[in-house]
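Before anything else, here's the structure in question.
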Amino acid sequence: MKITLKDGSVKEYEKALSAYEVALDISEGLARAACCVKIDGEEADLRTIIGRDCELSVCTANDEEGLAAIRHTASHVLAEAVKNLFPEAKLAIGPSIDTGFYYDFDHEAFSRDDLDALEAEMKKIVKKGEKLEKFTLPREEAIAFMEERQEPYKVELIRDLPEDAEISFYRQGEFVDLCAGPHLMSTKGVKAFKLTSSSMAYWRGDSDKARLQRIYGTAYSKKEDLQAHLERMEDAKRRDHNRLGREMELFTTVDVIGQGLPLFTPKGTKMLMKLQRWIEDLEDKEWGYVRTRTPLMAKSDLYKMSGHWDHYKEGMFVLGDEEKDKEVYALRPMTCPFQYYVYKNTQKSYRDLPYRMSETSTLFRNEDSGEMHGLTRVRQFTITEGHLVVRPDQMVEEFKGCIALAKYCLTTLGVEEDVTYHLSKWDPENQEKYIGEPEVWNQTEQHIRDILIELEIPFVEDVGEAAFYGPKVDINAKNVYGKEDTMITIQWDALLAEQFDMYYVDQNGDKIRPYIIHRTSMGCYERTLAWLIEKYAGKFPTWLCPEQVRVLPISEKYEAYAAKVLKELRGRDIDAEADNRSEKIGFKIREARLARVPYMLVVGQQEEEEGLVSVRSRFAGDEGQKPLAEFIDQICREISTKEIRREEAPEENRQA
RNA sequence: GCUUCUGUGGCUCAGUUGGUAGAGCGAUUGAUUCGUAAUCAAUAGAUCACGGGUUCGAGUCCCGUCAGAAGCUCCA
């Protein structure tokens, strides 16, 4: 029997032996560090008996798979600890996840004190260092075994396994759990762990099923790694837009105004206006868009026509009472039908297409109260919304154009490397959720796939994420805690024109149904701002800063000169302020830094005579003296969006 | 919507077993007019989220409402 190792070398053995024994044969150190193995690319347990030729690689805590095995074992240790301290708790499931692991229990809520007690109990279990043993049972015996132990959730899991599946269990001391593995050889390998939080979770993720208590934790092979992880979480907390954005006075919320309704303060508003002026100019002057302004509300009739009244009424703010009032209105949750009527205002010829409409559009969605979060999930938001009405033969080119525009926006914001592209497809298993024929779906999905491949954009495909009228490209970004949000979406719609009776007249005088692209270029202003705050930790590119230059006279004597400098800066559309307080200059510099102002101009006697200013920048510190005019030109270049591709920011500003 | 946790001056937080509030930063005023990470002093500012309850007495205990956080579910 020949076993090929990761480095290409080959080991030969007479008879079958376990993966662990192979690791031991390679080196004792490796055997000690080993967490699991991959046999011909398949993840497997160290206990797996190898009896044939194969490729074997041993995974340690440095590999994704190895770390997962540690965490998975940690979740079993947690389950054992829970069973020890709370014997009445019922076990559900306990996998490893990106950031650690969790385990769900049917039990009353766990407090922080409970978690601390459980952590202590886990330490005891790890110290005992029981060996984990794997064994399998035939289906009926497995069910009987878990019934006897009074674990109804486990019984349900076994019943749902395929008839021919091997049903495996792991035993550590007294504790036994249904589990496919892989696991460490002993609980001793769970060296550094922490229970981070607990919360409710639904059995099988279904809000109609039982409510369980989930305990989250994280585990590493070394204390230092755990420490580093906890520090990363601390850093994330400092970048969190919901905290930093308030601290920097970009936005606030008020109890009596309501949930999910942020107020933008002058600095935040300035940033939003910079984004808005930039994107509107860009779309209109360089990408051929026309601008619309449509009502924020409409009669219920419109939503009945679009289908929203039946499918989305819960998500809308309805004004009036259907029972009593003759007419009921609702705030709009999207712009689509409004812009369709702009299109329909005049008859269009094939020559008029593509007809690209864009609107800085405020939308309202009545999200459930638990869904709101900072600026990323709100009840009122503004989006660079647009609909392109195109001839079928223009569809591919226009769709490409929308992706190119989105990419350009991301590049200008300096975040193009932080996104992932998704092709969101329909779910053929669930056809009643969508309209249109399967062939059309498969065709359009293939078109989009071809476009992404042609543009050399890496992407993943998600089943069941499409809109009901068509597939889409979603561009997602992660927040500081690793949670993903959609920033930009571009949707292919070959169906809705029919429902709204939209058409154009072709060469032969026939009325033809156009296709529609629903798209955003820069996304939703609130969400984009949140993302920028976290990306740059508040140290925005100069062009986006609400305050770009702060003028600091070293004493009152130079206030006149400072005023002159300020006037010249503002005359060139630079956002500048002067700090004329009678504080020490060092103090004023420190404050400007804390406010994350990118440039400080320290002005005093010498400068006034020679027309110079002393420049300090947020990134580079003291840049020395230069003529005022030269400095102004430099800043103007830096804040011109036409010249921006990417601001060079020091390492500390980049997201991990 | 569900589960848990949280809610004290503008901000960050302290407040021990129930005895009617404290710090730092910030703000204001005065002095200082100063060259690169904190000049000195004084002053103001809190019905302890809101509404009930227990108690001789509640920031502290209980219930409800509102708001925030984490997670679940949802995001057409």
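Proteins get letters first, then strands, A, B, ... in listed order; numbering begins at 1 in each.
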Salt bridge check: are Glu371(A) and Arg365(A) linked by an N-O gap of less than 4.0 Å?
no

Kindly indicate whether the side chain of Arg377(A) and the base of C74(B) share any N or O donor-acceptor pair separated by less than 3.5 Å?
yes

Salt bridge check, Glu577(A) against Lys267(A): does any charged N sit closer than 4.0 Å to a carboxylate O?
no

Using atom P in both nucleotides, what's the gap between U47(B) and U36(B) to the nearest angstrom?
43 Å

Angle between ring planes, Phe500(A) versus Tyr341(A), binned at 30° and 60°: parallel, tilted or perpendicular?
perpendicular

Glu465(A) CD to C74(B) P, in whole Å, measures 10 Å

Value in whole Å for how far the C1' atom of U39(B) lies from NZ of Lys584(A):
5 Å

Does the structure show a Watson-Crick or G-U wobble partner for U65(B), both distances under 3.5 Å? Name it, or say none.
A49(B)

What orientation do Tyr303(A) and His308(A) show, parallel under 30°, tilted 30 to 60°, or perpendicular over 60°?
perpendicular

Hunt down the Watson-Crick or G-U wobble partner of U3(B), both distances under 3.5 Å, from any strand shown, or write none.
A70(B)

What distance, rounded to whole Å, do you find between the two P atoms, one in G53(B) and one in G71(B)?
38 Å

With heavy atoms under 4.0 Å as the rule, sort Thr486(A) into base, sugar-phosphate or nothing.
nothing

Using a cutoff of under 3.5 Å, can you pull out all pairs of nitrogen or oxygen atoms linking the protein to nucleotides 42-46 of chain B, with atom names and distances?
none

For Gln605(A), answer base if it contacts any base atom (sugar-phosphate contacts may also be present), sugar-phosphate if it contacts only those atoms, and nothing otherwise; contact means non-hydrogen atoms under 4.0 Å.
base

Paired to U12(B) by Watson-Crick or G-U wobble criteria (both distances under 3.5 Å) is A23(B)

With under 30° as parallel and over 60° as perpendicular, where do the rings of Trp426(A) and Trp441(A) fit, or are they tilted in between?
parallel

Do any of residues 548-561 of chain A sit with a heavy atom less than 4.0 Å from RNA chain B, and if so which?
Ile554(A), Ser555(A), Glu556(A), Lys557(A)

Taking it one step at a time, do Arg332(A) and Glu359(A) satisfy salt bridge (Lys or Arg N to Asp or Glu O under 4.0 Å)?
CA-CA 14 Å; Arg332(A) 67 177 180 193; Glu359(A) 177 163 341; 3.2 Å; yes

May I have the distance from Phe468(A) (atom CZ) to C74(B) (atom P), rounded to whole angstrom?
19 Å

How is Glu607(A) classified with respect to the nucleic acid when contacts are heavy atoms under 4.0 Å: base, sugar-phosphate, or nothing?
base

In short, Thr520(A) meets Gly523(A) closest at the heavy-atom pair OG1-N, 2.9 Å

Salt bridge or not between Lys83(A) and Glu151(A)? Use side-chain N to carboxylate O under 4.0 Å.
yes

After noting the C-alpha distance and the side-chain angles of Tyr469(A) and His518(A), does the key distance pass the ring-ring contact (aromatic ring centres under 6.0 Å, His included) rule?
CA-CA 11 Å; Tyr469(A) 45 75; His518(A) 307 237; 4.6 Å; yes

Show every salt bridge (charged side-chain N to carboxylate O under 4.0 Å, His left out) that has at least one partner inside residues 462-473 of chain A, sequence neighbours left out.
Lys472(A)-Asp474(A)

Write down the distance separating the C1' atoms in U55(B) and G19(B), rounded off to the nearest Å.
12 Å

With heavy atoms under 4.0 Å as the rule, sort Met334(A) into base, sugar-phosphate or nothing.
base

On a whole-Å scale, what distance lies between the C1' atoms belonging to U28(B) and G52(B)?
39 Å

Rounded to whole angstrom, note down the C1' distance from A23(B) over to C48(B).
16 Å

Could you please name the partner base of G30(B), counting Watson-Crick and G-U wobble pairs only when both distances are under 3.5 Å?
C40(B)

Decide whether a cation-pi geometry holds between Arg71(A) and Phe101(A); the criteria are a distance under 6.0 Å from NZ or CZ to the six-membered ring centre and an angle within 45° of the ring axis.
no

Please step through side-chain hydrogen bond (donor to acceptor under 3.5 Å, both in side chains) for the pair Glu623(A) and Tyr599(A), ending with a clear verdict.
CA-CA 10 Å; Glu623(A) 293 194 347; Tyr599(A) 287 97; 4.9 Å; no

Round to a whole Å and report the spacing from CD1 of Ile585(A) to C1' of U36(B).
7 Å

Could you measure between the two C1' atoms, the one in U3(B) and the one in A46(B), and give it in whole Å?
33 Å

Sugar-phosphate or base contact per nucleotide [nucleotides 24-30 of chain B; S, B, -; heavy atom under 4.0 Å]:
--SS---

Restricting to non-hydrogen atoms, name the atom on Gln259(A) and the atom on Ser369(A) that form the minimum distance, rounded to 0.1 Å.
NE2-O, 3.1 Å

Taking a pair to mean Watson-Crick or G-U wobble geometry with both distances below 3.5 Å, G57(B) pairs with none

Geometric class of the His72(A)/His76(A) ring pair [parallel <30°, tilted 30-60°, perpendicular >60°]:
perpendicular

When the distance from CG of Asp579(A) to P of A38(B) is rounded to whole Å, what number comes out?
15 Å

Taking CD from Glu367(A) and C1' from A76(B), how many angstroms apart are they, rounded to a whole number?
11 Å

Take the protein atom CZ of Phe251(A) and the nucleotide atom P of C11(B), then report the distance between them rounded to whole Å.
14 Å

For every nucleotide of nucleotides 66-71 of chain B, 5' to 3': is a protein heavy atom under 4.0 Å from its base (B), only from its sugar-phosphate (S), or from neither (-)?
-SSSSB

Would you name the heavy atoms of Leu375(A) and Ala530(A) that are closest together and state the gap between them?
CB-CB, 4.0 Å

Name the atoms and distances for all side-chain donor-acceptor pairs under 3.5 Å in residues 555-566 of chain A, with sequence neighbours left out.
| from | atom 1 | to | atom 2 | distance (Å) |
| --- | --- | --- | --- | --- |
| Ser555(A) | OG | Lys557(A) | N | 3.3 |
| Tyr561(A) | OH | Leu612(A) | O | 3.1 |

For C5(B) versus A42(B), give the span between their P atoms, rounded off to a whole number of Å.
44 Å

Whole-Å distance, Lys588(A) NZ to A37(B) P, equals 14 Å

Given the C1' atoms of U65(B) and C25(B), what is the spacing between them in whole Å?
33 Å

